[in-house]
Amino acid sequence: MTPTVTAPTTPPPTTTPPPSPKPTVVVGAVSVTIRQTGSSVGQATVSVEAKGTAPVTVVLEWFTGDVEGRLGKADGAADTLTYQPGSAAPLVKTHTFSGAGCYWGVRATTKPAAGNGSSTSQVFIRRCTIS
């Protein structure tokens, strides 16, 4: 009988899947407007111009004061929203103001930072009198 020769078996090479691309995003601009919707309620509308696949964090800070063009004192906690690039709809958030003052204001900032920095908006409250 002739001996049988078998070739050594080599395990198949292990293949590592290529790494998933890291989500990226570039924020070109952020803009915010505020309007009074009730006696102590305001509504901010935020538009974000962003390209990429990662979400954008938008932080809204609320303010009250008596001087036009200045945000005044912080009014309550900041709100954090998430914007997904490619979404056509703006972000909308309401806030109940508790501070005194004839002007309500809001500042919107993004993470990552927008190319235009942050955006602010202010509204003079209906039926308010500055003495």
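Numbers here simply count residues along the sequence, with the first being 1.
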(message) Please identify which of these residues, Ile125, Asp75, Leu71, meets the side-chain contact (heavy atoms from CB on, under 4.5 Å) condition with Trp104.
(response) Ile125
(message) Between Glu49 (side chain only) and Ala29 (backbone N and O only), is there a donor and an acceptor less than 3.5 Å apart?
(response) no
(message) Once side-chain hydrogen bond (donor to acceptor under 3.5 Å, both in side chains) is applied, what residue pairs with a partner in residues 84-93 remain, sequence neighbours excluded?
(response) none
(request) Output the rest of the hydrophobic cluster of Val26: all Ile, Leu, Val, Met, Phe, Trp and Tyr residues reachable through side-chain heavy-atom contacts under 4.5 Å, sorted by chain and number. (result) none
(message) Within this structure, what is the OG-CZ distance for the pair Ser39 and Arg126, rounded to the nearest 0.5 Å?
(response) 9.0 Å
Between side-chain atoms of residues 110-119 and protein atoms elsewhere (two or more places apart, or another chain), which donor-acceptor pairs fall under 3.5 Å?
| from | atom 1 | to | atom 2 | distance (Å) |
| --- | --- | --- | --- | --- |
| Thr110 | OG1 | Pro112 | O | 2.7 |
| Thr110 | OG1 | Ala114 | N | 3.0 |
| Asn116 | OD1 | Val30 | N | 3.2 |
| Asn116 | ND2 | Val30 | O | 3.0 |
| Ser119 | OG | Val32 | N | 3.1 |

(request) Would you name the heavy atoms of Pro85 and Val25 that are closest together and state the gap between them? (result) CG-CG2, 3.7 Å
(request) Give every residue pair that meets the ring pair (Phe, Tyr, Trp, His ring centres under 6.0 Å) criterion with at least one member in residues 21-49, sequence neighbours excluded. (result) none
Ignoring hydrogens and angles, write down the donor-acceptor pairs under 3.5 Å from the side chains of residues 55-63, residues two or more places apart or on other chains.
| from | atom 1 | to | atom 2 | distance (Å) |
| --- | --- | --- | --- | --- |
| Glu61 | OE1 | Arg107 | NE | 2.9 |
| Glu61 | OE1 | Arg107 | NH2 | 3.4 |
| Trp62 | NE1 | Asp79 | OD2 | 2.8 |

(message) The criterion is side-chain hydrogen bond (donor to acceptor under 3.5 Å, both in side chains); which residues satisfy it with Arg35, sequence neighbours excluded?
(response) Gln43
(request) Calculate, to the nearest 0.5 Å, the distance between atoms NE2 and OG1 belonging to His95 and Thr37 respectively. (result) 11.0 Å
(message) For residues Val106 and Val123: do they belong to one hydrophobic cluster (side chain heavy atoms under 4.5 Å, members Ile, Leu, Val, Met, Phe, Trp, Tyr)?
(response) yes
(message) Grouping I, L, V, M, F, W and Y whenever their side-chain heavy atoms are under 4.5 Å apart, do Val27 and Val46 come out in a common cluster?
(response) yes
(message) Ring-plane angle category for Phe124 and Tyr103, please: parallel below 30°, perpendicular beyond 60°, tilted otherwise.
(response) perpendicular
